[in-house]
Every structure is written in C-alpha cells, then in structure tokens.
Enquirer: 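Sending over a structure as structure tokens; questions will come in a sec.
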Amino acid sequence: MPAAIHPKVIQKVRDPSYFGLKSGKTQKQAKPTPWVDVSDDDSLGKQNGLKRKNPNNMNGHHEPSANGHKKKKRRHSLLSDDGLQHNDANGAGQPKKHRINGAGPSTPQGSKAKAIAEQRQQLPIAKGRDALIEEIRKNDVTILLGETGSGKTTQVPQYILESGLAKNGMIAVTQPRKVAATSLAARVATEQNVPLGSLVGYAVRFDEKSSPETRIKYLTDGMIVRELMSDPLLSNYSVVIVDEAHERTLRTDLLIANLKKIQKARNNPSDPKGKGKAGLTNPLKIVIMSATLDAEKFSRFYHNAKILYVKGRQHPVKIYHCAESQLDYTDAAMRTFFQIHTDQPPGDVLIFLPGQEDIESLQKSIDLYAKQLPADKLEVLTCTMFAAQEHSQNNKAFLPTPPKTRKCILATNIAETSITIPGIKYVIDTGKCKEKQYLARVSGGGFDTLLTRDITKSSAMQRAGRAGREGKGVCFRLYTEDAFNGMALSAEPEILRCSLTASILNLKTLGQNLEELDLMDKPDSDSIASALKTLWLLGALDNHQKLTPDGRQMALFPLEPQYACAVVASKGYGCTSEVLDIVSVLSASSKLFIDISEQRDAVAEARRKFRHSYGDHLTVLNAVRAYREIAASENKHARREWCRKHFLNERTFLEARDIREQLVVTCNRVGIDATVSAKEDEDSIIKSIGHGLAGNSAFLQPDGSYKQTMGQTIVKVHPGSSLCDKKVPAIIYDELMYTNQIYARGVSSIPKSFFLSLSAFKQRKA
DNA sequence: GAGCACTGC
C-alpha cells in the first residue's frame, strides 16, 4: 500500500470489484443498483420542483409527491380568460397570485443592438412584461417569484425604467454578493447600450461605478444598509428591488424590515416622518424577488402583497434517490462516481461534499481507483473546489475538459450558489453541508459552532439544478426520498443564527432597537441580550442601553464592533497605525496564513519567522511588516513568490490594504490620527486589542486549562495558534469555535493586570 | 496536539 495515502483514505478504499471493475475489463456492476428512479420519463425532475409546472408547488408545506395533486386543482381554478391567474376566490388570508407569462409584447431597445434586443425578448419574463409593469404600478409592494433563468434580475429593472415608473429617483437592485452586483450591472449596461457607470451603475465595497445620470443601480445588501445610516428614508430611490430575498441574509432581513417602515413614512402624506418632514414627493415601490419557496412569507409580511410568478428556463434533471440511507457518504459518493463513469455517457461530474477534509480524502480515493481503470475507458480528472483553497486551484475546474477525459469536481457549497461551473451533466449530492451557527450565551459571550448537518430541500434542488445548466442532466442523491421529504424547507434565516452585535450597534445609530423592529423573523431574547452585553462591555452602550459617543464612532467603522472598539481605544494608547494593520488583516475575507495539509512541516517552519511571543495578533503584525518591506523593494512577481514561499495569502494582504485605506478615512472623520505609531511598544498594541476583546478572555487554571473570565467555559487554544502549547496567565481571543472541542482562535497573551485597569477604566466612564 | 461552509460594510 502506498505510504503517502492518508489513513482515512485506506479505510474508505474497497476492493475495486465492489463497483464492477475487475482485472482490466469492465462489466456490469456486481451489486444491484442502489437507485430508485422517482421521476417518470416525461416529467423529469417534476417531483422535486426542478421543472415546476405549478407555482404553488413551491410553497412546500406539503411533501413534493403529494403536492402535485393537491395544488394542481387550485391552479386550474386560478386560470382566467386574460391569460393571467387570479386568485380572488381564495379568501382574504391568502396572498394573490398572478401568472405574468403570456401577456403583451415588449419594446426592443435601439436598432443597433438588435441581437441583444432579440435575446431579451426570448427570456421567459419578456412575455409578462406589460402585466408585470401594470402590477407594480398598481401596488406598493410586489413579490416576484422567478425561477432560475427567467431573466428577472436583468429585465425587471429595465422594464421599470422604460415604463417611466421611476421618474423621481433611482432604481436600486440589491444582491447578497459583490460579483453578482457588478456583473449584472455590466450586463444591463450592455443591454441598454450605455457605458457602465452612466445610466446603469453599481456600488459594492471598494468599488463604485455610478454618476448623477445613474438610474439603475445594482448594489450589495450590505451597501444599502450602510446607506440607510446616512439616509434613513433612502430618498435617492423610488424603487427598491430586493433580489435573492429567499437567501435571507442578515442584511436583506434588516433591509426588508426598514423598507416597510420607509414605505409607510414616504407613501403616507400625513405621517410626520414622511412627505412633510423629508420633503419627499416620491413614494417608494418595493419589489421582492425570490427564487423559491418563501414567497408567501414575504407576502404575509407585506400585508398580503400580490405574488407574481414567472417560469424559468432550465433543462430537465433526472433525479435518483438512494434506496437505503448511506452510512458513509464519501464512500457512497465514490461508488456512485464510478457507476456513472462506467455506465453513463460522457459528461462532467460535480460532487457536493461538506468540507475540505472530505474533499481531499475522496479525491485521493478516486485518483487511486481511476488508475486501475481499463485503458478503453475515459480518463478521470479530479478537481477540488472550496473557499480555503487558492484561487488558481479553484479555477482549474473551469478549464475545458481534455479529450477522452471525464472531469470530476469535488466541491463544497461554493458551487451551489457562488460559482457556476460549465459542462456539468451529473451531480452527486451527499446531502450534507457545514453550517456556522452562533450559540448565544449571556455569560461568556457565546460562540460559533461549525458542524456537519443535513442540507435543506431548496439546497437539494439548487444542487440538482447544477446538472441542468447546459442540457439534460442527472442528479444522484446519496439519501433516500424519505430523507429528502424530511428535510427542512429552507435554511434558517441568518438573523436567527449569528451574533447580533454589529447589527444592534448599527440600528442604534438609526435610533432603532432591534427588538422593536418589525422583522420577518425575530431573534430570541438570549441572542439580543448577549449582543447588548457585549456592546456595553465595549463601552458602545451605557447602562441605559443608549449609544455612547464612543459607540457612535465605532458604528462608523466597517468592522466588527470588537475591532472598531480596538481602533477607538488605540487613540489613547498611541498605536492606531499598528492596530489598523492588525484589524484590517483580521477582517479580510480570507485567512492570511495558508495551510496546506501535505506540507505541514514546511508551513510550520515558514510561520516561525513571523512568530511573536505575545501571540497571534502580533504575529499578524510581523507578517504585515515583512510584506510591506518586500513590497517596497521588490516587483510584483517577487512579492508573489515571497508570499508563496512563506505560505501567506497575498490576496489577503491586498484586501487588507483596501480595508485599511477605508479605515483611515473613517479615522479622519472621527478625529483619530491614523498615522500615530507605537513603534516597538507592543504592550500598548495588545492593550488596545484587549479593549475590544475583553469579553473574549480566559485565565490559566492551576490544572493548565483556560477558563473564561466572563463565563464558566473551559476553552482550548486552537492548534493553529502560535500560543498553542504555551501557558500564559491570561489570554484574549478573536473567537470561540466549537468543532470537536471549544477552541479559541486568534489568541494573544495579555497581562492579568490589564483587566484590573479595564474595570477601573469602565467605572470612570460610567 | 489537531483542522475551518459561505457572504458583507
């Protein structure tokens, strides 16, 4: 047995005959196929809602198989002569549904871009254009339920613009992700035949292309929530389109709640906060766009707003479920892959797995077995894809598949929404994902968990859909149909499973209290109490939960409140420059230190060069300083090489540089001199950070463990930390993460006496 | 002594 193989792989590897590969020649599998076909040939994927003929299928309160029957009847009763579906007979409690396909022609733009105009007209939504505009004209709030490929995100803003519905302001289209906002804006600018940034623009963090002529603006949900802080009525916009609302990101939820408030104020002339006070003459139109499932919930939230439905364009995907549940999903995935490989026509395979560890071990198993395939078979090329992996590695999945080869991509959720890989014909869905969940604890400040769990129905549908982007596809689910039916409909909204500290701080600057806000889903009181306590500890709120002057400053920084607090505190310690260096790296989206499992020793060796005896925060500072020195003297290529050699992620440095610039601007605004440097006074730097992380601290116990200062939890220093194995009297940490144990990550040593001075400091303030 | 899905300002 090859010595290089990871022990976990050996455990998973079986006799090749297990899936029908024997001594160089292929044969029908020895084992009966474990799959049960649940879709009939004429309506592929119907039961899973991938090719929905009935919009009501998507409300998902019933099991998919039962659903078709029950609701079909209702749908027919909704049909009327004008080609729209009216839902008048269904009682007041039910939201109204209209089908907008099949009405009215649309007007092509300009004669030059004829091809583009034709393309636009081909989109499923084009037929419903006039009906859609009419509904938006008549109603303050419209819910648009559009499937993948309907064209809603690019077309609806243009229809609204062309119809003159947004005469008095811009049309905002919000997106949860930056890439979506920028690329959609570029696409729509092309369709309008204008330069990007003129009539059509976008605004995302670090990047904005817009001008006074901009009428359609794509922006991230985070961006518009920030805008809310300086313009609480969003007076620049006359239409706000919330796209991908079903994802229920924290920021989308806050936006949706505020939009309700804003609309009431702006559309009601007698409201003192509305027309009169703000001098606004333009009422606000809201369009909520959702891909699946939760449309009725949005409708209920907005006083039973009408739901419009538009069909998508997606190739049929045939779905197979396992006959029995699988104990080992990586092993099942491997058997399924080779079944596809031996029995099915050419086409690339995408396997969804929960995390990096599974991906790497499965890749090894597949590669090992692929070598034993008979020569007349297609070659197997495996690619991996996960967030922590270098970009260049992730991008390999996009390269065209070489001739006589079948590509097998092993990916996490990254391939579910964020990235679309072309050429996928087969999807293997393990039914598992990892999800971060915040466990609020009023004492000790709560911690994150990151555990493998079952996916949701909408996630399963999304994964299957990845096989039908370019043609007919097949999806193999490594779980039974019963298991599918038992899955939750969609993921819990983010607001129910993350720390609310930052949101509460931001809302406070708007004079709002989260617990009083009319939210679609309200977080539990523990979560709110824990966040309020943290903000009080940071000195952002006083004893009456009122925003302090420091808190007002903290809210202006695009940082976690803990780090914003550290920046504000750094003014008193004279080390703002260094604190900015550290917090900008810590708030970058990817980690600075790269871990490559095969090169563990080399990684540890390289890391030693930056290691600081105080711990991880000053280790980061050392790395930043070293990079800055290299960057000053070396060219781009040498910089990249230096980063590679030291297992540092250069993209993190570059992103941190952008963040730092933004923080400097904020510092200047609130009167903090960002150039003040502590030079070698490292104690000051740690103390500044300590102000932010005072709630995240633990003392060494006589038995050598660390116990929280604010709670009873025993925490372990994460093995990736520079302080792992070191015993120091007191530590502060960036976060607690529960995986197998409760680990403190991003750990620094701090003098115990600091906490005494801190409480004195707090009393002085109170 | 052991491991980490994905976003956003």
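Below, chain A is the first sequence line, B the second, and so on; all start at residue 1.
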Enquirer: In whole Å, what is the span from the CD atom of A:Gln662 to the C1' atom of B:dG8?
Expert: 11 Å
Enquirer: Taking ring-ring contact (aromatic ring centres under 6.0 Å, His included) as the definition, give me every residue that meets it alongside A:Tyr743, ordered by chain and number, with sequence neighbours left out.
Expert: A:His718
Enquirer: Going by salt bridge (charged side-chain N to carboxylate O under 4.0 Å, His left out), name the residues that satisfy it together with A:Arg607, two or more places apart in sequence or in a different chain.
Expert: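 Residues passing salt bridge (charged side-chain N to carboxylate O under 4.0 Å, His left out) with A:Arg607: A:Asp595.
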Enquirer: Among the candidates B:dT7, B:dC9, B:dC6, find the nucleotide nearest to the side-chain atoms of A:Pro558.
Expert: B:dC9
Enquirer: Do A:Thr449 and A:Gln437 get their side chains close enough for a donor-acceptor pair, meaning under 3.5 Å?
Expert: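 There is no such pair between these side chains.
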Enquirer: What integer distance in Å separates A:Asp358:CG from B:dG3:C1'?
Expert: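 Checked: the CG to C1' distance equals 12 Å.
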Enquirer: Report which part of the nucleic acid A:Lys178 touches: base, sugar-phosphate, or nothing (heavy-atom distance under 4.0 Å, all strands).
Expert: sugar-phosphate
Enquirer: Return the set of residues passing salt bridge (charged side-chain N to carboxylate O under 4.0 Å, His left out) with A:Glu435 (not counting sequence neighbours), or none when no residue passes.
Expert: A:Arg453
Enquirer: Within less than 4.0 Å of OP1 or OP2 of B:dA2, is there a side-chain N or O belonging to A:Tyr743?
Expert: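 No.
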Enquirer: Heavy atoms within less than 4.0 Å of DNA chain B: which residues of residues 724-740 of chain A have one? Give them sorted by number.
Expert: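 A:Cys724, A:Thr739, A:Asn740, in order of number.
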Enquirer: Say whether A:Asp243 and A:Tyr218, considering side chains only, have a donor N or O and an acceptor N or O under 3.5 Å apart.
Expert: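 No, because no side-chain N or O of A:Asp243 sits under 3.5 Å from a partner of the opposite role on A:Tyr218.
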Enquirer: What does A:Val225 touch in the nucleic acid at a heavy-atom separation under 4.0 angstrom: a base, only the sugar-phosphate, or nothing?
Expert: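 Contact class for A:Val225: none.
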Enquirer: Between A:Glu655 (CD) and B:dC9 (P), how many Å, whole number?
Expert: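 It is 10 Å, rounded to the nearest whole Å.
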Enquirer: Could you check how far CZ of A:Arg177 sits from P of B:dC9, rounded to whole Å?
Expert: 12 Å
Enquirer: Counting only distance, no hydrogens or angles, is the base of B:dC4 paired donor-acceptor with the side chain of A:Arg745 under 3.5 Å?
Expert: yes
Enquirer: Looking at B:dA2, B:dA5, B:dC9, which one has an atom nearest to any side-chain atom of A:Gln741?
Expert: B:dA2
Enquirer: Return the value, rounded to whole Å, for the distance between atom CG of A:Leu586 and atom C1' of B:dC9.
Expert: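 Value for this atom pair: 16 Å.
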Enquirer: May I ask you to verify whether the side chain of A:Lys434 and the base of B:dC6 hold a donor-acceptor pair under 3.5 Å?
Expert: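 Per atom types, no contact qualifies.
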Enquirer: Figure out the CG/C1' separation between A:Leu219 and B:dT7, and round it to whole Å.
Expert: 16 Å
Enquirer: Tell me every residue that passes salt bridge (charged side-chain N to carboxylate O under 4.0 Å, His left out) with A:Asp429, counting only those two or more places apart in sequence or in another chain.
Expert: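 Testing A:Asp429 for salt bridge (charged side-chain N to carboxylate O under 4.0 Å, His left out), a comparison that skips the adjacent residues, returns A:Arg463.
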Enquirer: From CD of A:Glu661 over to C1' of B:dC9, roughly how many Å is that when rounded to an integer?
Expert: 16 Å
Enquirer: As a test of reading the structure: which of B:dC9, B:dA5, B:dG1 is closest to the side chain of A:Pro719, going by heavy atoms?
Expert: B:dG1
Enquirer: Measuring to OP1 and OP2 of B:dC6, would you say a side-chain N or O of A:Thr412 lies under 4.0 angstrom away?
Expert: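 Looking at the OP1 and OP2 atoms of B:dC6, one of them is under 4.0 Å from a side-chain N or O of A:Thr412.
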Enquirer: Tell me which nucleotide among B:dC9, B:dT7, B:dC4 gets nearest to the side chain of A:Leu450.
Expert: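 Side chain of A:Leu450 sits closest to B:dC4.
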Enquirer: Taking A:Lys436 first and then A:Glu494, would you say they form a salt bridge - that is, a charged N and a carboxylate O separated by under 4.0 Å?
Expert: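 Judged by the 4.0 Å cut-off on N to carboxylate O distance, A:Lys436 and A:Glu494 do not form a salt bridge.
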Enquirer: Scan for side chain to side chain donor-acceptor pair (under 3.5 Å) pairs involving residues 656-665 of chain A, sequence neighbours excluded, and state none if there are none.
Expert: A:Arg205-A:Gln662, A:Ser577-A:Arg660, A:Asp581-A:Arg660
Enquirer: Please determine if a side-chain N or O atom of A:Thr220 lies less than 4.0 Å away from the OP1 or OP2 oxygen of B:dC9.
Expert: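 For A:Thr220, the contact criterion (side-chain N or O under 4.0 Å from OP1 or OP2 of B:dC9) is met.
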Enquirer: Separation of A:Leu250 atom CG from B:dC6 atom P, in whole Å?
Expert: 19 Å
Enquirer: On DNA chain B, does the nearest nucleotide to A:Ser587 precede the nearest nucleotide to A:Gly355 from the 5' side, or the other way round? Give the residue.
Expert: A:Gly355
